[in-house]
Amino acid sequence: MSHPASAPDDPYDVERVRRDFPILHQQVNGHPLVYLDNGATSQKPRCVIDAISDYYLRDNSNVHRGVHTLAARATEAFESARTRAQEFLRAQDSKEIVFVRGTSEAINLVARGYAVPQLKAGDEVLITEMEHHSNIVPWQMICQETGALLRVLPIDEQGELSLDQLDDLMHAKTRVLALTHVSNALGTVNPLAQIIRKARDKGIVTIVDGAQAAPHMRIDVQKLGCDFYAFSGHKVYGPTGIGVLYGRMPLLREMQPYQGGGEMIRKVSFDETTYADPPYKFEAGTPNIAGAVGLAAALDYVDELGLERIARHELTLLKYATAAVEKVAGIRIIGRAREKAGILTFIIDGVHAHDVGTIMDHQGIAIRAGHHCAMPVMKKFGVAATTRASFGLYNTHQEVDALVSGLHEVREIMGT
Amino acid sequence: MNDLRELYEEVILDHNRNPRNYPRKPDDATNSAHGFNPLCGDEFFVHLTVVGGVIKDAGFEGAGCAISTASASLMTEALIGKPLAEVEALFQQVHALLTDEAQVGNPEEFLGKLTVLTGVKEYPMRVKCATLAWHTMRAALHEKSSTVTTE
């Protein structure tokens, strides 16, 4: 069981929070680790590590088969993780939660299982210019197969969606809208409720990439009104290799499985197989049980700490970091949306992001350098690569100070 | 801890700030190739003019980090005037220098100025930056593919 660092009304005690994360307390290249790559993956609190370890030490067995005690315990743990994910997303029914490997697999599942049977040549799939490659490539692949067209809603100079073009791009031929909740490269928080309302009015099926949103804000899929929502466990302080696809039940019933095997069937003969009901028909084979158990512990952890308080802490850091980084000469911040989550992306005049990454690492600072799997965003802003600092619930103001002094060191070393 | 100055050596910084034979494609270029590192987006085009078994001219275009840019710049300098027969040996020497394989003979003698790349081998994540232009050059000469990637 996790121990919240403080009750909901207490001030946010980041030092106590940090004690829950063993990995943070180490030296890297002779400096205390400053981990600012949370957008790539987050670190794990001890309660998550313990939950996985306890599962293997005590309860490990296969799920949904066997009548012995351990099988019952494993099944109970796995299914209560499903209920936990349902509560986390405020979904109506735990059967609307499909366990997958991560957001990428969730999007591929919807593209294959739902969109392909629906799409005809000349239909359109709408995405946005700020999508991660994982919300571009699956749609490109199925458009090629079906003859559907991929349309792209552009972003503006601030890194916000050009909503004035939305009406033109959503029309009678548009079948699917796939968009991100929070941009991994820019930090932009999209006005989802407003966009989804429009899509629904036009009968367009919506899928939201929530990979960067789940760690930073309260999500309510019923209020958002989306048809599908996906997130990855490892970005929300859970383990890798487990993620969640939420789908509204009527759509999940229509959706075709894309892998066959055990677990996903009701009845098999050589003439015919009938599939199990959702979510099981999408979960062929033995699932990542320990991953689901770890994910449930992670969701407990962030909920006990309070997503609203986490969001407040991260936004304070973002504001402080934005002001401080901006003051460093020769720095241009990419992504100036009015509403942002804890992501700060920038370029330094005359210094490539990879050189920034190496010099930062030398000071124990982990940041992301590169194209962030969002090459179209890089192209839009005319850069090949950027540097990204992304904040998590355990980051501190002192770590932002370390980032800023690291940037001065970069300029010093590179002689710019 | 390694000194960052061994990586960002003065010669490397100079070649990053003022890359030689860049951005340039010789008018009489006979061999060209495209090199790409999909992990970071670094991308170079290497152009060579080969006449009578000798590299008469070399240039490159594209964009990358300080290590890949300096390595490409230093490479074009080293190649100009070199007989093709010696290019493969030079490639192998540079490769050995970057990946810490056993050197044959004295690297200074073979590599001259290129030894400034020595510091890269302490940074395994950056070795591909330094080798990108070299693999691209090799592809240009062997014409087996117009694009090489580091992956």
(request) Could you look at Leu13(B) and say if it's the side chain, the backbone, both or neither that has a heavy atom under 4.5 Å from chain A? (result) side chain
(request) Select one option (side chain, backbone, both, neither) describing which atoms of Leu7(B) are under 4.5 Å from chain A's heavy atoms. (result) side chain
Closest heavy-atom pair and its distance - [X], [Y]:
{"X": "Gly350(A)", "Y": "Asn16(B)", "value": "O-ND2, 4.4 Å"}
{"X": "His354(A)", "Y": "Tyr8(B)", "value": "O-OH, 4.5 Å"}
{"X": "Ala66(B)", "Y": "His352(A)", "value": "N-CB, 4.3 Å"}

(message) Working to the nearest 0.5 angstrom, can you tell me the gap between Met414(A) CE and Leu4(B) CG?
(response) 10.0 Å
(message) Nearest 0.5 Å, please: how far is CD1 in Ile413(A) from CG in Asp3(B)?
(response) 7.5 Å
Atom [atom1] of residue position [X] - does it have more than 12 heavy atoms of other residues, nucleotides or ligands inside 6.0 Å?
{"X": "Glu412(A)", "atom1": "CD", "answer": "no"}
{"X": "Arg101(A)", "atom1": "CZ", "answer": "no"}
{"X": "Arg411(A)", "atom1": "CZ", "answer": "yes"}

(message) Using a 4.5 angstrom heavy-atom cutoff, name the option from Asp361(A), Thr358(A), Val356(A) with the most pairs to chain B.
(response) Thr358(A)
(request) Would you please go through residues 180-189 of chain A and name the residues with a non-hydrogen atom below 4.5 Å from one of chain B, in numerical order? (result) none
(request) Please state whether the side chain, the backbone, both or neither of Met375(A) comes within less than 4.5 Å of a heavy atom of chain B. (result) side chain
